[in-house]
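Notes follow once the structure below has been shown.
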Number of protein chains: 2
Amino acid sequence: MSGTQDRILDSAMGLLQSRGYSAISYQDISDEVGIRKASIHYYFPSKGDLAKAVVHRYRAEVQDVIKQSEASRGADYWGLLDDYFHAYLIFEEEPHKICLCGSLAGEYPVLPEAVQGEVDGFFADQLAWILSIMKKLQEASLVNPEADSRVLSGWVLSSMQGSLMIGRATGEMQRVLDAKALLIASLKAF
Amino acid sequence: MSGTQDRILDSAMGLLQSRGYSAISYQDISDEVGIRKASIHYYFPSKGDLAKAVVHRYRAEVQDVIKQSEASRGADYWGLLDDYFHAYLIFEEEPHKICLCGSLAGEYPVLPEAVQGEVDGFFADQLAWILSIMKKLQEASLVNPEADSRVLSGWVLSSMQGSLMIGRATGEMQRVLDAKALLIASLKAF
DNA sequence: GTCTATACAAAGATAGAC
DNA sequence: GTCTATCTTTGTATAGAC
C-alpha cells in the first residue's frame, strides 16, 4: 500500500496551503512525489479534479479530529472550543502554511466550480459545528444567551482564518494565539 | 497627464483584488485597458514591478483616506475607528473584490520580494494606525487600559481581513458588518 | 508611446508504448 | 500504473518598426 494517490494528495495539499491554487502545477507535484506529470493525470485528469479531491479529503480529516475531540471532551464546551482553536495553532510549526481552505478562499473567484463547492462545504461544516457549540454554551449560560449565535460563530471563523493569513504575512504567527485568547475573553465578557 | 499608466494601475488593482497575483496576466490587463501587452511592459517591465506599483499607490490612497478622517473627526476616537471600519464595508458593493493586500496575503509566499515588501508596509501602516487609536482610547479610559494595545490592534486587523475573505467565499458579505459590530462591542466590554 | 512580431518557457492535457 | 513523447495554449518578456 505505498499509495501513490495518497502521496499525490499529500504533496498537493502542502503546496496548496503554502502557494495557493494558481501558482502550483503538475510539475511541482511531480518533483515532490518522484513521478512524471502524466502519471498524475492518470489519477486526477484535471487540476480541478485534484484540488477538489484534496479539499474533500481535508474536510473528512477535520471532521475526524472534531469527532475525536467530542469523544474525549464530552459536555466540556469550553474544552471543545479549545481543541478547535488548537487546530489553528499547529501552523506555528510550519509558518508558510495556512488552513487549506483559507489559502483557497484567497483565490475563490478563480477556482473551478467543483473546488469552490468543496471550499463552501468546508466553511459550512465549520460554521455548523461552531454554531452547535455556541448554542450549548448559551444554553448553559456560559455565553450570553441574548447574543446572536450565528453571528458569533461566523466571527470566530473569520477571526481565526484572518489571524492565520495576517500572521503568515507579518511573520508573527503568535497572532493566532492572540486571536484565540481574545475571542474566548470576548465570548465570556458579552 | 500620462493617463495610460493610471489606467493600467486601475485595471491591475481590480484584477488583483478579485483574482490575486498568480492568476492574472498582462493579457487580462491588455483586454481591459485596450492596449497591447507590450505597451504595458513599457511602463512596468516585469509583473512584479507592476504589482509593487499597484500596492504602493494603494498604500498612499489608504493613508489619504485616513488623513481625511483624522481631519474631520478630531479627537472622536470611536468615530475614527468607525471610519476605519467603513473602508471595509465598501466591498459589499463589489462582492468579488476584497482588500488588495488581503488578496495578496493569500499568496504571500509566491509574491516577488518587492511585492512582499509593499504588502508588509501596508500591514505595518495599518497596525501602527490602529495602535495609535487604541492607545488614545485607553488614555481616555474608553477601552480598558490594562489590555495589551498591540495585541488588540492585530486582532482588529485580522478579524476584518478574515471577515472579508470568508464573507466573499460564503457569499455573505454582511459578515464584515458583523465583525465590526462585535469588535466594537468587545473593545467596550473588556 | 504604441504597435507587430517573436522568442522562450511553462502550463494543462492526451496518445500510445511498455 | 508509469513512462516518453507531443500537442496546444498561455504567459512573461524583448526587439525593433512606426
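This one's a predicted model, so the numbers in the text were calculated from it and none came from an experiment. Convention: sequence-line order gives letters A, B, ...; per-chain numbering from 1.
A donor-acceptor pair shorter than 3.5 Å can be found between the side chains of A:Asp120 and A:Tyr108. Side-chain contact check for B:Glu107 and B:Ser22: at least one donor-acceptor pair (N or O, by modelled atom type) lies under 3.5 Å.
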Fill in: Per-nucleotide protein contact string for nucleotides 3-18 of chain D (B base, S sugar-phosphate only, - none; heavy atom under 4.0 Å)
BB------SBBBB---

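Below 30°, between 30° and 60°, or above 60°: for B:Trp155 and B:Phe190 the angle between ring planes is between 30° and 60°, a tilted geometry.
Note on A:Thr4: a side-chain N or O is less than 4.0 Å away from OP1 or OP2 of D:dT2. The side chain of A:Tyr42 places an N or O atom within less than 4.0 Å of a non-bridging phosphate oxygen (OP1 or OP2) of D:dG1.
Figure legend: cation-pi geometry between B:Lys52 and B:Phe44 absent, as NZ or CZ is not positioned both under 6.0 Å from the six-membered ring centre and within 45° of its axis.
Atom CD1 of A:Ile29 is separated from atom P of D:dT2 by 15 Å (rounded to the nearest Å).
For A:Lys97 and A:Glu92, the salt-bridge test fails: no basic side-chain N is under 4.0 Å from an acidic carboxylate O.
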